[in-house]
Engineer: 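Dumping the structure here so I can ask a few things about it.
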Amino acid sequence: MGRSTSMLHSLCLVVALLCVCAVEAEDAYKFYTWTVTYGTLSPLATPQQVILINGQFPGPRLDLVTNDNVVLNLINKLDEPFLITWYGIWISLSHQRCLFVCLDSNIVVTNIYRNGIKQRKNSWQDGVLGTNCAIPPNSNYTYKFQTKDQIGTFSYFPSTAFHKAAGGFGGLNVYHRSVIPIPYPNPAGDFTLLIGDWFKTNHKTLRQTLDSGKSLGLPDGLLINGQTRPTFTGNQGQTYMFRISNVGLSTSINFRIQGHKLKLVECEGSHTLQNFYDSLDVHVGQSVSLLVTLDQPPKDYYIVASTRFTTKDLTTTAVLHYANSGSPASGLLPPAPPANKYDWSMQQATSYRWNLSANAARPNPQGSFHYGKITPTKRFLFASTAPLINGKLRYAVNSVSYVNSDTPLKLADHFNIPGVFDTSSLQSNPSNGAARIATSVVPTALHDFIEVVFQNNENAMQSWHLDGYDFWVVGYGFGQWSPNSRNTYNLVDALTRHTAQVYPNSWTAILVSLDNQGMWNMRSSIWERQYLGQQFYLRVWNAQQSLANEYNIPNNALLCGKAVGRHS
């Protein structure tokens, strides 16, 4: 009996060691400590207060590999609570267990984790006020997430108190594992370009303007990586990847490089058909990856970013420097697309197609999931408005303007705290009722397949983002959406992404497979609109609580509001 028990102990130990080796080999761990502080810089030649991460503006670039596990300790040295959200990242924890139960009931080996199937059920780490308590001043919080089954260009930024207007954003690039091929030759190098509009006004003053019921108006300028004239150097004849993210607050941008063609190869985690463009519109919150071959005579060339659809054109430049350049950039800037021609931009957007034959982060075709053959279980038509409520400007969805609760909705849901959010205020179709304020949550079920139409009846560009998911952008159209509009949907190779633009007096339709349980923020990426209520949450729910559906509340979860004193 003793020999048998000893053999079982040995066998369990071997299995445990094998599992640990699998963790070491497949799921690398990356550890970071970030300290958030204020600093004084002059992004647009005027000294102003900005937000620094480890003394950097923009913040440090995160270069990760598919399935990396990130442990990031964020220390808040600001005078206000602070959160970062990971834009477009399907945050998850490696969840499939290596579980071995020995015949001797006293010997159980468990909780040793390895790389497993895609299970992203981790809205606990989303970094928005509906899921997380903000990190108090002079305090810290450790984010733990995995870049599960992803390849692509993403970004991060602050989600609290209009901090995004002061900085705190950065690039987040997820590279492919060596065993998973990509549908293009490895570039000679890559450049991350964080492009966005910028105000010279302090973010607290901007916040006060919005709180008083006034719009912010046009920004003061554009920045590329926090500067107005950065330089990117490459070798003649080589091909480089340009990772472009619009990290601005309000304006679409057009990106182009003097004398060079842009080959689109990836968009927010999805490989695309590789078409060439002279310039690309990148709307607020969106990211694209472009291949650019340095095939021109050896000199410097202008990289140009300019605003789209604004009353005044804002333009900034960078420099593409050939390593053997003999002269500086010169000549006319490459022309912008036709001003206020929304049809030009919409036609370009519809030309973005999913590469159905390319693999994603796993060696199966991206188009192996036939989204166009699935009948939606729920349909929503969300119309945006800009009403006055109590005499102040607000932004609303189906006549409901969102307000944050002092208790994160995710915590209220977990602890069964009543009265924190309202699942009945936001209807699935527009109403003619008076606009009102509510902490609105749309109830859905795990594995619902939903159709969402964003109807824009205003004269301004809009941009919509959904945390925790990507979705198929199946249609754009001018005017009012109707059921007949479904006849124009692309149900074959529509692009998947996490942020979709909606043109003025137009609509955009998306399809979403709700396979990710949790409380997920659907919001305007136009930050003024988000701040003043154009957002809500999707509660993706399954009554049978299981680790197969969603991870447990983290042991280090911050508790605030009505959740104070609860046990995590």
Engineer: Indicate the atoms forming the closest heavy-atom contact of V540 with L446, along with that distance.
Structural biologist: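 Closest heavy-atom pair between V540 and L446: CG1-CA, 3.8 Å.
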Engineer: Any side-chain heavy atom of R353 within less than 4.5 Å of one from N490?
Structural biologist: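 Yes, close enough: below the 4.5 Å cut-off.
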Engineer: Establish, yes or no, whether a centroid distance under 6.0 Å links the rings of W198 and F57.
Structural biologist: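 That pair passes the under 6.0 Å test.
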Engineer: What are the two closest non-hydrogen atoms of N556 and T142, and how far apart are they?
Structural biologist: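 Nearest heavy atoms, N556 then T142: ND2-O, 3.0 Å.
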Engineer: If you round to the nearest 0.5 Å, how far is CG of L83 from CG of L129?
Structural biologist: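 Between atom CG of L129 and atom CG of L83 there are 5.5 Å.
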Engineer: Within this structure, what is the CE-NE2 distance for the pair M519 and H414, rounded to the nearest 0.5 Å?
Structural biologist: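 Output value for this atom pair is 12.5 Å.
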Engineer: As an exercise, state the distance from CD1 of I526 to NE2 of H283, rounded to the nearest 0.5 Å.
Structural biologist: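 Between atom CD1 of I526 and atom NE2 of H283 there are 10.0 Å.
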Engineer: Looking at Q56 and R61, would you say the former's side chain and the latter's main chain have a donor-acceptor pair under 3.5 Å?
Structural biologist: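 Not at all, since once roles are kept as given, no pair shorter than 3.5 Å links the two residues.
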Engineer: So, does Y371 use its side chain to make a donor-acceptor pair with the main chain of F471 at under 3.5 Å?
Structural biologist: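 No, because the side chain of Y371 does not come within donor-acceptor range (under 3.5 Å) of the backbone of F471.
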Engineer: Determine, stepwise, if the pair K164 / T85 fulfils side-chain contact (heavy atoms from CB on, under 4.5 Å).
Structural biologist: CA-CA 11 Å; K164 188 180 181 185; T85 187; over 6 Å; no
Engineer: We want to know whether Q348 and Y352 form a side-chain donor-acceptor pair, criterion being a heavy-atom distance below 3.5 angstrom.
Structural biologist: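 Checked: Q348/Y352 side chains pair up, N/O donor to acceptor below 3.5 Å.
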Engineer: Tell me whether the rings of F382 and F536 are parallel (<30°), tilted (30 to 60°) or perpendicular (>60°).
Structural biologist: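 Correct class here is tilted.
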Engineer: Report the C-alpha separation of L64 and F154 in whole Å, then their side-chain angles, then the decisive distance to 0.1 Å, and conclude whether the side-chain contact (heavy atoms from CB on, under 4.5 Å) test is met.
Structural biologist: CA-CA 11 Å; L64 305 171; F154 308 97; over 6 Å; no
Engineer: Between the side chain of Q146 and the main-chain N/O of N69, is any donor-acceptor distance below 3.5 Å?
Structural biologist: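 Between the backbone of N69 and the side chain of Q146 there is no qualifying donor-acceptor contact (under 3.5 Å).
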Engineer: Distance-only, no hydrogens or angles: does the Y469 side chain make a donor-acceptor pair with backbone N or O of V512 under 3.5 Å?
Structural biologist: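 No; zero donor-acceptor contacts below 3.5 Å.
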Engineer: Which of these, R497, E268, Q286, H498, sits in a side-chain hydrogen bond (donor to acceptor under 3.5 Å, both in side chains) with H465?
Structural biologist: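 Answer after filtering R497, E268, Q286, H498: H498.
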Engineer: Contact between F276 and L291 at the side-chain level, heavy atoms closer than 4.5 Å - yes or no?
Structural biologist: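 Answer no - side chains too far apart.
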Engineer: Which atom pair, heavy atoms only, marks the closest approach of S351 to N275?
Structural biologist: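 Closest heavy-atom pair between S351 and N275: O-ND2, 3.5 Å.
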Engineer: Which residues pass the salt bridge (Lys or Arg N to Asp or Glu O under 4.0 Å) test with R256, sequence neighbours left out?
Structural biologist: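 Salt bridge (Lys or Arg N to Asp or Glu O under 4.0 Å) list for R256, sorted by chain: empty.
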Engineer: OH/Y32 to CG/N73 distance, rounded to the nearest 0.5 angstrom?
Structural biologist: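 Taking OH in Y32 and CG in N73, the distance rounds to 13.5 Å.
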Engineer: Using the side-chain contact (heavy atoms from CB on, under 4.5 Å) rule, pick out the option among L356, V265, N355, L495 that qualifies with H271.
Structural biologist: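 Running side-chain contact (heavy atoms from CB on, under 4.5 Å) over L356, V265, N355, L495 with H271 returns exactly one hit, N355.
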Engineer: Do Y175 and D190 pass the side-chain hydrogen bond (donor to acceptor under 3.5 Å, both in side chains) test, and can you show the C-alpha distance, the side-chain angles, and the key distance before you say yes or no?
Structural biologist: CA-CA 11 Å; Y175 296 86; D190 64 356; 2.6 Å; yes
Engineer: In Å, rounded to the nearest 0.5 Å, how long is the span from NZ of K263 to OG1 of T293?
Structural biologist: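 Answer for the NZ-OG1 pair, K263 versus T293, is 7.0 Å.
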Engineer: Walk me through it: do L280 and L262 pass the test side-chain contact (heavy atoms from CB on, under 4.5 Å)?
Structural biologist: CA-CA 8 Å; L280 281 93; L262 313 175; 3.4 Å; yes
Engineer: Going by heavy atoms in the side chains, are F454 and Q462 under 4.5 Å from each other?
Structural biologist: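 F454 does not reach Q462 side chain to side chain.
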Engineer: With under 30° as parallel and over 60° as perpendicular, where do the rings of W86 and W34 fit, or are they tilted in between?
Structural biologist: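 Answer is tilted, since the angle falls between 30° and 60°.
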Engineer: Could you check whether any side-chain N or O of Q530 sits under 3.5 Å from a backbone N or O of S525, counting only pairs where one atom can act as donor and the other as acceptor?
Structural biologist: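 Such a contact is absent between Q530 side chain and S525 backbone.
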Engineer: How about N549 and Q544: does a side-chain donor come under 3.5 Å of a side-chain acceptor?
Structural biologist: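 N549 vs Q544: no donor-acceptor pair found between side chains.
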Engineer: Is it the case that the side chain of S245 and the backbone of L194 share a donor-acceptor pair, with hydrogens and angles ignored and the cut-off at 3.5 Å?
Structural biologist: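 Between the backbone of L194 and the side chain of S245 there is no qualifying donor-acceptor contact (under 3.5 Å).
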Engineer: Please answer whether the main-chain N or O of Y143 pairs with a side-chain N or O of Q125 as donor and acceptor at a distance below 3.5 Å.
Structural biologist: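 Here the side-chain-to-backbone pair does not exist.
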Engineer: Using distance alone, with no hydrogens and no angle criterion, decide if D281 and S252 have a side-chain donor and acceptor under 3.5 Å apart.
Structural biologist: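 Note: D281 and S252 side chains miss the donor-acceptor criterion.
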Engineer: If every non-hydrogen atom of T233 is compared with every non-hydrogen atom of F191, which pair is closest and at what distance?
Structural biologist: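 Taking every non-hydrogen atom into account, O-CZ, 3.3 Å.
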Engineer: Is any side-chain heavy atom of C267 closer than 4.5 Å to one of V288?
Structural biologist: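 With C-beta onward as the side chain, the pair touches.
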Engineer: For the residue pair F242 and F255, does the interplanar ring angle fall in the parallel (under 30°), tilted (30 to 60°) or perpendicular (over 60°) class?
Structural biologist: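 Tilted: the ring planes of F242 and F255 meet at 30° to 60°.
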Engineer: Under 4.5 Å between any side-chain heavy atoms of T153 and N173, yes or no?
Structural biologist: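 Yes, close enough: below the 4.5 Å cut-off.
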Engineer: I'd like to know if the side chain of E451 reaches the main chain of R379, judged simply by a donor and an acceptor atom lying under 3.5 Å from each other, with no hydrogens or angles considered.
Structural biologist: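 No, because the side chain of E451 does not come within donor-acceptor range (under 3.5 Å) of the backbone of R379.
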Engineer: Do R362 and F369 form a cation-pi contact, if we require the NZ or CZ to be under 6.0 Å from the six-membered ring centre and within 45 degrees of the ring's axis?
Structural biologist: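 No cation-pi geometry.
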Engineer: To check you understand the geometry: which heavy-atom pair defines the closest contact between S289 and R243, and what is its length?
Structural biologist: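 In terms of heavy atoms, the two residues are closest at OG-NH1, 4.0 Å.
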Engineer: Measuring only between side-chain heavy atoms, which start at C-beta, is P185 closer than 4.5 Å to T239?
Structural biologist: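 No, their side chains stay 4.5 Å or more apart.
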Engineer: In Å and rounded to the nearest 0.5 Å, what is the OG1 to CD1 distance from T66 to I151?
Structural biologist: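 T66 OG1 to I151 CD1: 4.5 Å, rounded to 0.5 Å.
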Engineer: Could you please spell out the steps behind the side-chain contact (heavy atoms from CB on, under 4.5 Å) verdict for L558 and N132?
Structural biologist: CA-CA 7 Å; L558 300 176; N132 297 89; over 6 Å; no
Engineer: Give me the atom names and distance for the closest heavy-atom approach of G285 to T499.
Structural biologist: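 Looking at all heavy atoms of both residues, the shortest contact is O-OG1, 3.5 Å.
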Engineer: Ignoring hydrogens and angles, tell me if any N or O in the side chain of N76 forms a donor-acceptor pair with the backbone of N138 under 3.5 Å.
Structural biologist: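 No, because the side chain of N76 does not come within donor-acceptor range (under 3.5 Å) of the backbone of N138.
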Engineer: Can you tell me if S159 uses its side chain to pair, donor with acceptor, with the backbone of I84 under 3.5 Å?
Structural biologist: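 No, the answer is negative, given that no donor and acceptor are paired below the 3.5 Å cut-off.
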Engineer: So F415 and I553, do their side chains get closer than 4.5 Å, heavy atoms only?
Structural biologist: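 With C-beta onward as the side chain, the pair touches.
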Engineer: I want to check something: taking the side chain as every heavy atom from C-beta on, are S405 and F421 in contact at a cut-off of under 4.5 Å?
Structural biologist: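 Result no, sub-4.5 Å side-chain heavy-atom pair not found.
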